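A short write-up of the structure that comes next.
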Amino acid sequence: MAATLPMLAGALALGIPAAHAADTPVRTALSGTKPAWATAKADKGAASNGAAVNLRVYLAGRDAAGLAAYAKAVADPSSASYGKYLSAKQAQARFGATKAQVAAVTSWLKSTGLKVTSVTQHYVAVSGDVAAAEKAFGTQLHNFAKGSHTYRAPEKSASVPEALKGAVLTVTGLDNAPHKANHDDQLPPPDAVFKNSGPFSSYYGSNIAKTLPSAYGQKIPYAIQGYSGKQLRAAYGAGKYTGKGVRVAITDAYASPTIAFDAATYAKNHGDARWTTGQLRQVLPASYTNTTDCKASGWYGEETLDVEAVHAVAPDANVTYVGAASCLDNDLLDSLSKVVDNHLADIVSNSWGDIEANQTPDLAAAYDQVFQFGAVEGIGFYFSSGDNGDEVANTGTKQVDTPANSAWVTAVGGTSLAVGKGDKYQWETGWGTEKATLSADGKSWTNFPGAYTSGAGGGTSKTVPQPYYQKNVVPKALATANNAAGNRVVPDIAAIADPNTGFSVGQTQTFPDGSQQYSEYRIGGTSLAAPVIAAVQALAQEARGGKAIGFANPTIYSKYGSKLYHDVVDKPTGKDLAVARVDFVNGFDATGGLSVSVRSLGKDSSLQAVKGYDDVTGVGSPAPGYVDSYRKH
């Protein structure tokens, strides 16, 4: 392919040779470029020829099939190639696009009237209008109804000239429906201060709500004030490991301007190791976009949580925060690519995502390519599974979240965690919350157990085939829920996520008087579970002498059924469980009154944590011995 491309590039730029001028040029379809919602019934007619388009043409590279095959082999403990990682430079040389491929694609795009705005080793970005895009990709762009909105999309799959078959992976941007990631946390906007009211428990069950009504036939404890790193390290078997010498990256959108101060203050307040010079660094874009649409300041708390949680569990790991220019897929993909292209870390924590229905196959292909490049370099990606259970309450449709649905990432589900006196692990349930408020007379809970509020994301993908490592572990009923041949089930592993048994974080926020002050509060969400598991994996990498674990799923599933995992179920004590919670109505102080509620644990929409693998907690959470087990690999 590479040898013939320079000639083809010239031919394309100059037009079709005269001998074939009358023929219809042969084209290769790019499967997945027409969204599922672009149906004939929803078609509202042709898009305006002059409407602006911004596209990315992703490059397939020298050997897309070879990349996927090597990514699988290098991550599989039973493969002869296991652990034989390539450097970023070697991976690019072996699987990346050739100069000739880049030149051919660039030349062809220019010949169609599109303007090339940037060229990277992964894609060629172009801008132009609808007419030029239709000419380039051999499809008409129409307007289609999607819900209550109308968006542009191809009326058939896009295609490229046959000469570029094998050079182009996909094109994104032909449809203009929103593809926006949300950070998965239970977090109020941090631009305004948020504080928790007491009473609290310092460890699970330490403070029983004796004056409040019973729930499930017994008096219940107050919610945790916020677990510390010491408590989480004990729960998940950290032992003597600290993550020393291991590099962890965190990707989110934007960047908190106070992260260094906040992280240092938090560590000091909670007895965590102080950050050393250069231990925390940021890799940021030159400028930011879409700050209003993406609610940029809301991402500050996400970065703060991720950084402080990783350091609390793996205090000696080096942390690199890679901020995206916005919450849009293209920018988040750029951040992930920065980690891979420069091998900034071996472990990458990602607490963001969107519903699967919003992810089109073209974007899925672009994400998977980055994850596969990561795998061949020994880089593992950990994604939060979502905070809306089966998504029915949120979207009306049962579905999983993405990119956690990718077969090439580790999807992290969530639990409610009970750590008792002396940092002793007691139990976990699947995270799922039902809430009922205290009656006016204070003698009962209104409509107990109340309505579903949130819970760990999980379920069966509708689009991703079952990966080999889930076979013979994931129950057939789950795998075949949407397809007789079997699909990907989420999550893979789990950790603390319930905000009622949550983690304490510290962040600079805006107080009612307009001042900016450091403050601490309790937080949860699978946004917490993902960095906790990333930190546990940093401990495991230290345990194996610093050798990268890489894409961890084959190894995680190979340990299934052993005592290395807490097998999480929804009623670990045999009874229903709940905690009492008191909140400031105004989120800051008692001047606006207090709200008293009971939060039931282990009630995750239609999803259930049961014995064995389940779609709330995967194989379970790490137990003592899990970290040490990596010494044998």
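Computation of the quantities below employed the complete heavy-atom set of this structure, encompassing side-chain atoms and omitting hydrogens, waters and symmetry-equivalent molecules. The structure presented is a predicted model; accordingly, all values stated were derived computationally and were not measured.
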Check the pair Phe371 / Leu336 against side-chain contact (heavy atoms from CB on, under 4.5 Å), numbers first and verdict last. CA-CA 8 Å; Phe371 301 145; Leu336 295 169; 4.0 Å; yes

Starting from the C-alpha separation in whole Å, work towards a yes-or-no answer on side-chain contact (heavy atoms from CB on, under 4.5 Å) for Arg522 and Ser504. CA-CA 4 Å; Arg522 180 186 62 233; Ser504 176; 5.9 Å; no

I'd like to know whether Asp76 forms a side chain to side chain donor-acceptor pair (under 3.5 Å) with Tyr469, so could you lay out the CA-CA distance, the side-chain angles of the two residues, the decisive distance to 0.1 Å, and finally the verdict. CA-CA 9 Å; Asp76 183 354; Tyr469 51 77; over 6 Å; no

For Ser201 and Ile224, run side-chain contact (heavy atoms from CB on, under 4.5 Å): C-alpha distance rounded to whole Å, both residues' side-chain angles, the deciding distance at 0.1 Å, then the answer. CA-CA 5 Å; Ser201 293; Ile224 297 293; 4.1 Å; yes

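Residues Thr410 and Asn553 have side chains that bring a donor and an acceptor to within less than 3.5 angstrom of each other. In the model, Thr33 has no side-chain atom that pairs as donor or acceptor with a side-chain atom of Asp362 under 3.5 Å. Between the side chains of Asp306 and Ser349, no donor-acceptor pair of N or O atoms lies under 3.5 Å. Between the side chains of Asn487 and Asn482, no donor-acceptor pair is found at a separation under 3.5 Å. Remark: the Tyr630 side chain and the Thr555 side chain contain no N/O donor-acceptor pair separated by less than 3.5 Å. Side-chain polar atoms of Tyr382 and Gln537 form a donor-acceptor pair below 3.5 angstrom. Side-chain atoms of Tyr425 and Glu428 form a donor-acceptor pair, as typed in the model, at a separation below 3.5 Å.
Between the side chain of Thr429 and the main chain of Val569, no donor-acceptor pair closer than 3.5 Å is present. In terms of modelled atom types and a separation under 3.5 Å, the side chain of Tyr227 and the main chain of Val419 share a donor-acceptor contact. The closest donor-acceptor contact from the side chain of Glu377 to the backbone of Ala91 lies at 3.5 Å or more, if one exists at all. Put simply, the side chain of Ser206 gets close to the backbone of Tyr203: a donor and an acceptor are under 3.5 Å apart. For the pair Arg233 (side chain) and Thr242 (backbone), a donor-acceptor distance under 3.5 Å is absent. Not a single donor-acceptor pair under 3.5 Å links the side chain of Tyr236 to the backbone N or O of Ala495. Checking side-chain atoms of Asn388 against main-chain N and O of Gly386 turns up no donor-acceptor pair under 3.5 Å. A donor-acceptor pair is defined here as one N or O able to donate and one able to accept, closer than 3.5 Å; such a pair exists between the side chain of Asp387 and the backbone of Thr526. The backbone N or O of Pro467 sits nowhere less than 3.5 Å from a side-chain atom of Arg488 that would complete a donor-acceptor pair.
Counted within 6.0 Å of NZ on Lys219, heavy atoms from surrounding residues, nucleotides or ligands total more than 12; the atom is thus considered enclosed. Counting heavy atoms of neighbouring residues, nucleotides and ligands inside a 6.0 Å radius, atom NZ of Lys230 does not exceed 12 of them. Counting non-hydrogen atoms of neighbouring residues, nucleotides and ligands closer than 6.0 angstrom, the CD atom of Gln608 reaches no more than 12 such neighbours.
The aromatic rings of Trp352 and Phe383 sit perpendicular to each other, their planes meeting at more than 60°, with 30° as the lower class boundary. Taking the six-membered ring for Trp and thresholds of 30 and 60 degrees, Trp37 and Phe144 have ring planes more than 60 degrees apart, a perpendicular arrangement.
Listed here is the closest heavy atom pair of Ser600 and Pro449: OG-CB, 3.8 Å. For the pair Gly612 and Asp567, the tightest heavy-atom approach, listed with the atom from each and the gap, is N-OD2, 2.9 Å. Pairing each heavy atom of Val568 with each of Ala609, the nearest pair is O-CB, 3.7 Å. Residues Tyr85 and Ile549 come closest through the heavy atom pair OH-O, 3.0 Å.
Note that CD of Glu303 and CG of Asp252 are 7.0 Å apart. Values are rounded to the nearest 0.5 Å. Summarising the geometry, atom CG belonging to Leu539 is positioned 11.0 Å from atom NZ belonging to Lys240; distances are rounded to the nearest 0.5 Å.
In this structure, Lys72 forms a cation-pi arrangement with Tyr468, its terminal cationic atom sitting closer than 6.0 Å to the ring centre and no more than 45° off the ring axis.
A distance below 6.0 Å separates the ring centres of Trp427 and Tyr204. Taking the six-membered ring where the residue is Trp, the centroids of Tyr626 and Tyr565 are separated by under 6.0 Å. Between Phe381 and Tyr367, a ring centre-to-centre spacing not shorter than 6.0 Å is recorded.
A salt bridge links Asp576 with Lys603: the closest approach of a Lys/Arg side-chain nitrogen to an acidic carboxylate oxygen falls below 4.0 angstrom.
Screening Thr402, Asp354, Asp401 for a side chain to side chain donor-acceptor pair (under 3.5 Å) involving Gln359 leaves a single residue, Thr402.
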